Amino acid sequence: MSTRFSPALQDSFHFMPQCLCVWSCQIQGTAEACPAGTARPWTVQGWSGSDWLGADACSDVLPVPWAEASLTGRGAKMKTLSPTGAYGLLLVLPLLLAVLQSTTAHKNDINIYSLTVDSKVSSRFAHTVVTSRVVNKGSAVQEATFQMELPKKAFITNFSMIIDGVTYPGNIKEKAAAQEQYSAAVARGESAGLVRATGRKTEQFQVAVSVAPAAKVTFELVYEELLARHLGVYELLLKIQPQQLVKHLQMDIHIFEPQGISFLETESTFMTNELAEALTISQNKTKAHIRFKPTLSQQQKSPEQQETVLDGNFIVRYDVNRTVTGGSIQIENGYFVHYFAPEGLSAIPKNVVFVIDTSGSMRGRKIQQTREALIKILGDLGSRDQFNLVSFSGEATQWKKGLLPASAENVEEAKSYAAEIHAQGGTNINDAMLMAVQLLERANREELLPARSVTLIILLTDGDPTVGETNPSKIQKNVREAIDGQHSLFCLGFGFDVSYAFLEKMALENGGLARRIYEDSDSALQLEDFYQEVANPLLRLVAFEYPSNAVEAVTQDNFRLFFKGSELVVAGKLRDQSPDVLSAKVRGQLHMENVTFVMESRVAEQEAEFLSPKYIFHSFMERLWAYLTIQQLLAQTVSASDAEKKALEARALSLSLNYSFVTPLTSMVITKPEGQEQSQVAEKPVENGNRQGNTHSGHSSFQFHSVGDRTSRLTGSKRGEGPPGPLQPTRFSHPFSRITLDRVLPEVLSVPDETSHDMDSRIIGATIPPPPARIQAPSVILPLPGQSVDQLCVDLKHSQGPVKLLSDPGQGVEVTGHYEREKARFSWIEVTFKHPPLQVRASLEHIVVIRNRQSSAYKWKETLYSVMPGLKITMDKAGLLLLSSPNRVTIGLLSWDGPGKGLRLLLRDTDHFSSQISGTFGQFYQDVVWGPPAAADDSKRTVTVQGHDHSATRELKLDYQEGSPGKEISCWTVVL
């Protein structure tokens with residue numbers, strides 16, 4: 001049953017102060033609490049749980065009939081108003097909420113007076129230290145909860161608390177050894193788990209401690225990770241979420257790359273132009289320093305609000321210089337790391353079979369996004385590639401009998417097929433996989449596979465097998481025996497109803513990997529991004545070779561495939577009597593020939609390079625080696641036999657303990673002062689343990705509440721759910737109640753739709769006439785500096801489909817859009833830059849930025865601030881996206897929700913257009929001549945553009961350039 005509140009009723013709430021008294025009298029349990037005449041008598045009956053109002057709550061006040069309805073999300077029952085008595089209680093509810101919130105609010109006496117983040121990236125290995133200092137300014141004991149989100153690939157290495165000068169460290173132990181303390185904590189009802197998955201790329205660490213009045217606590221968390229190269233970039237992700245103003249807030253990122261930094265860019269989801277003044281970036285050939293140090297005033301949302309604007313991601317992306325040999329051997333403190341990513345190699349032709357789940361569970365948005373992604377992926381196939389499609393539900397079906405060349409004709413036919421796939425039936429993974437293997441095997445027998453080409457199978461499924469062979473172990477065995485090491489299998493698990501462990505093992509057993517695709521608006525982009533990772537194989541059967549007398553304990557040194565945009569990494573120890581020069585050979589297979597890369601590194605020179613700088617984390621390479629070894633050992637356990645698994649886990653556990661890493665095999669036991677919870681345990685979550693309930697991207701950071709008063713807890717909010725603290729309306733619990741109300745109470749109470757209009761009429765006393773025709777926003781407003789008319793409105797009436805709006809080779813920019821004539825709007829607008837090579841595609845749903853074949857999606861009205869060489873991308877809370885650069889035209893995109901709803905284009909600094917500008921809108925910046933207003937009607941005139949006359953009419957339009965609701969302007973308008 002839905003809940004509806006008429007606008008008139010909602011407006012009337014603001015003028016009903018007597019409602020406050022009605023609620024007050026119920027809480028106090030006496031009718032006398034309300035002055036005479038302020039409330040109509042009514043009866044409270046059947047509210048589930050009389051303990052909420054008290055047994056003697058005002059039983060003689062406000063009688064109305066009730067009807068029963070379910071309390072959303074709680075399984076409890078409450079009573080819903082009948083139409084005849086709706087008016088009295090509906091007026092009470094909004095102020096009821098305000099009183100509840102004020103009675104449960106508790107002053108936040110925990111003050112964060114210092115928060116620092118220090119991250120040192122030395123040759124891709126990141127060592128991050130987060131330090132928070134808090135003080136209890138209250139007169140009572142308070143509980144402070146430290147929360148920090150860290151990358152999933154990172155290992156926590158240390159956590160400590162300093163309370164009144166005493167350090168309470170975290171001790172890393174074997175998981176079994178920590179289990180006794182963990183179980184005891186759970187038995188006592190204490191919260192023992194400290195780390196949980198919170199998003200696609202992050203995990204949340206949390207610990208709470210009681211703080212005496214005037215006492216200070218210092219929290220310090222340390223974690224480490226090896227930055228992996230993904231589609232040509234390394235990415236360092238940091239979360240900034242203090243949830244209050246901080247007197248001393250500073251973030252420092254030091255990057256040292258001996259190969260040289262080829263490019264560096266930063267992106268933030270909270271940065272504003274004012275905050276950008278607190279961001280400084282310095283860079284030379286091998287080093288970069290990024291500092292963010294905002295003042296208190298810069299952190300404020302506004303001068304009137306004592307709330308922080310800092311809540312979101314800060315991302316650094318960079319890459320390093322490379323040569324044709326593509327290798328760099330770096331040495332520090334007796335350990336070496338070998339990075340390998342050669343440039344200038346041609347892609348090897350591939351033979352790919354896409355295996356697509358079309359079972360009933362894929363129905364709706366999933367299958368729609370799969371179709372969208374598949375069509376885009378098919379269009380990205382190389383001219384030398386071959387492909388086929390296998391779709392499956394209860395049965396498996398192949399599109400064509402064999403592999404087809406990726407010719408334009410075949411690709412278009414495949415796109416048409418993909419556009420028509422629909423979801424129904426069960427899930428027969430076994431038959432579909434065997435059919436895909438048979439396709440490749442038959443092509444191989446018939447000598448239809450190009451020599452030394454690469455064969456790939458890409459499986460996408462959202463559920464466990466339900467038809468045919470349903471035993472996961474048997475399916476894995478069947479697939480392993482069928483593939484027999486000849487092909488690489490990549491498994492994509494769509495959502496959380498699929499067994500990720502099943503897919504991961506099947507992929508790793510067959511030379512590939514598994515990836516989870518998250519159900520979201522950008523699921524299609526996730527699929528496209530994954531394909532881009534494997535779209536361009538450059539080398540096959542890559543092997544690293546080192547002199548046996550020089551190195552030992554070397555990590556994985558054989559790889560089936562090397563893909564464009566990635567990097568192969570090998571690390572190891574130098575022997576005590578190793579040579580002065582470490583040499584290495586990397587052998588591999590190109591499409592038509594074998595190749596060997598040879599490189600050398602002088603040990604003494606390399607050691608000296610890492611010895612002196614203060615801005616790096618010393619002895620990092622040994623920890624890098626340990627980190628990489630542990631990650632690879634854990635990956636090997638997935639597909640190992642039971643005996644092999646025990647040996648691999650034993651090695652990984654030993655390294656985890658020796659180097660103090662919290663891994664899936666170890667736990668960190670957090671110690672606290674006497675009298676508090678003594679056995680809290682931090683454990684590393686595993687991917688297969690993630691479920692829908694704990695995978696949303698929560699953005700809470702610090703939480704504080706009084707000990708013993710759980711109802712006054714001030715909880716950090718999630719993005720999109722409102723601000724943290726007592727003013728957040730999404731959830732509250734009343735101290736007298738065992739019922740928790742989710743969201744705002746009016747959403748729980750139901751008023752039948754058919755009564756809403758009558759109710760409005762009774763309250764307002766008049767029928768609202770239909771609104772007059774509204775002034776519309778034009779398709780575009782073009783500023784025309786230097787012309788006799790300062791701006792021009794253009795309406796598209798005769799266009800349909802793709803339209804080239806602007807093209808300026810001199811500026812290196814092109815803007816195209818897809819216009820829908822029936823809806824009079826753009827369904828998408830695309831901006832393509834030549835330098836830097838980048839594409840921004842805006843749709844009504846979101847914005848996608850594509851660079852280096854990598855796609856990043858952003859929702860409208862989410863703050864964005866990205867700075868890269870040659871371009872700045874910003875978006876504010878109003879949803880205005882600006883693409884700007886010195887000496888360039890600034891291009892803006894806006895999701896306009898006013899009259900004439902749709903995407904809008906904005907242009908600034910148009911005097912920078914070159915003489916080569918063209919396009920439907922661009923033509924108005926070339927050879928424009930304005931004729932005088934017509935004698936008979938001065939609201940009409942003629943404008944001549946490149947020799948073509950257009951009629952222009954002076955009309956009232958809505959200026960959308962400052963966002964909704966816009967302002968009326970008088971504008972010369974041309975219809976195209």
Side-chain angles (χ1 to χ4, degrees), residues 775-819 821 824-826 828-833 840 842 880-885 887-894 896 900 902-934 938-962 966 969-976:
I775 299 171
Q776 300 289 307
S779 300
V780 71
I781 299 175
L782 300 176
L784 302 175
Q787 298 189 30
S788 58
V789 173
D790 60 353
Q791 64 182 6
L792 173 68
C793 295
V794 179
D795 276 325
L796 298 181
K797 299 289 187 182
H798 309 297
S799 298
Q800 175 63 36
V803 182
K804 183 186 288 187
L805 305 177
L806 297 168
S807 179
D808 189 348
Q811 285 275 299
V813 64
E814 183 170 291
V815 182
T816 56
H818 189 276
Y819 194 75
R821 187 189 309 161
R825 71 181 188 185
F826 287 103
W828 55 258
I829 296 177
E830 192 171 86
V831 185
T832 303
F833 292 95
V840 178
L880 175 58
L881 180 78
L882 292 177
L883 313 170
S884 61
S885 181
N887 302 317
R888 268 189 180 178
V889 177
T890 295
I891 298 174
L893 298 171
L894 177 70
W896 168 254
L903 297 176
R904 290 295 187 275
L905 177 71
L906 296 86
L907 298 174
R908 298 176 183 173
D909 309 313
T910 54
D911 54 314
H912 290 305
F913 276 132
S914 76
S915 59
Q916 303 173 61
I917 181 69
S918 63
T920 301
F921 297 157
Q923 64 180 323
F924 291 97
Y925 295 94
Q926 286 273 37
D927 304 325
V928 177
V929 179
W930 287 88
D938 62 2
S939 67
K940 298 182 182 298
R941 65 196 299 186
T942 299
V943 56
T944 303
V945 182
Q946 295 180 314
H948 299 282
D949 291 343
H950 299 274
S951 297
T953 306
R954 174 74 74 173
E955 297 179 4
L956 280 179
K957 293 289 184 180
L958 264 185
D959 187 349
Y960 57 80
Q961 296 177 97
E962 300 300 326
I969 58 171
S970 177
C971 186
W972 287 104
T973 303
V974 170
V975 176
L976 298 177

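This one's a predicted model, so the numbers in the text were calculated from it and none came from an experiment. This chain uses plain numbering: 1 for the first residue, then up along the sequence.
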Is a side-chain donor or acceptor of Tyr960 paired with a backbone partner of Pro778 at a separation under 3.5 angstrom? no
Shortest non-hydrogen pair, Leu792 vs Trp972, comes out as CD1-O, 3.2 Å
Results of side chain to side chain contact (heavy atoms under 4.5 Å, CB included) for Ser914 - residues two or more places apart only: Asp808, Gln916
Angle between ring planes, Phe826 versus Tyr819, binned at 30° and 60°: parallel, tilted or perpendicular? perpendicular
Closest non-hydrogen contact found for Leu882 with Gly892 is CD2-CA, 3.8 Å
Ignoring hydrogens and angles, state whether a donor on the side chain of Thr944 or Asp949 is under 3.5 Å from an acceptor on the partner side chain. yes
Does Arg825 have any salt bridge (charged side-chain N to carboxylate O under 4.0 Å, His left out) partners at least two apart in sequence or in another chain, and if so, which? Glu820
Leu784 and Tyr925: side chain to side chain contact (heavy atoms under 4.5 Å, CB included), yes or no, with the steps? CA-CA 7 Å; Leu784 302 175; Tyr925 295 94; 3.9 Å; yes
All heavy atoms of Leu958 vs all of Gly966, minimum pair found to be CD2-C, 3.9 Å
Can you see which heavy atom on Val889 is nearest to which on Gln811, and at what distance? N-OE1, 2.9 Å
For the pair Arg888 (side chain) and Gly812 (backbone), establish whether a donor and an acceptor sit closer than 3.5 Å, ignoring hydrogens and angles. no
How close do Phe921 and Leu782 get, heavy atom to heavy atom, and via which atoms? O-CD1, 3.8 Å
Glu962: salt bridge (charged side-chain N to carboxylate O under 4.0 Å, His left out) partners, not counting sequence neighbours: none
Heavy-atom side-chain contact between Ile829 and Val815 under 4.5 Å: yes
If you round to the nearest 0.5 Å, how far is OG of Ser918 from CD of Glu814? 8.0 Å
Minimum heavy-atom separation for Arg821 and His798, please, with both atom names. NH2-O, 3.6 Å
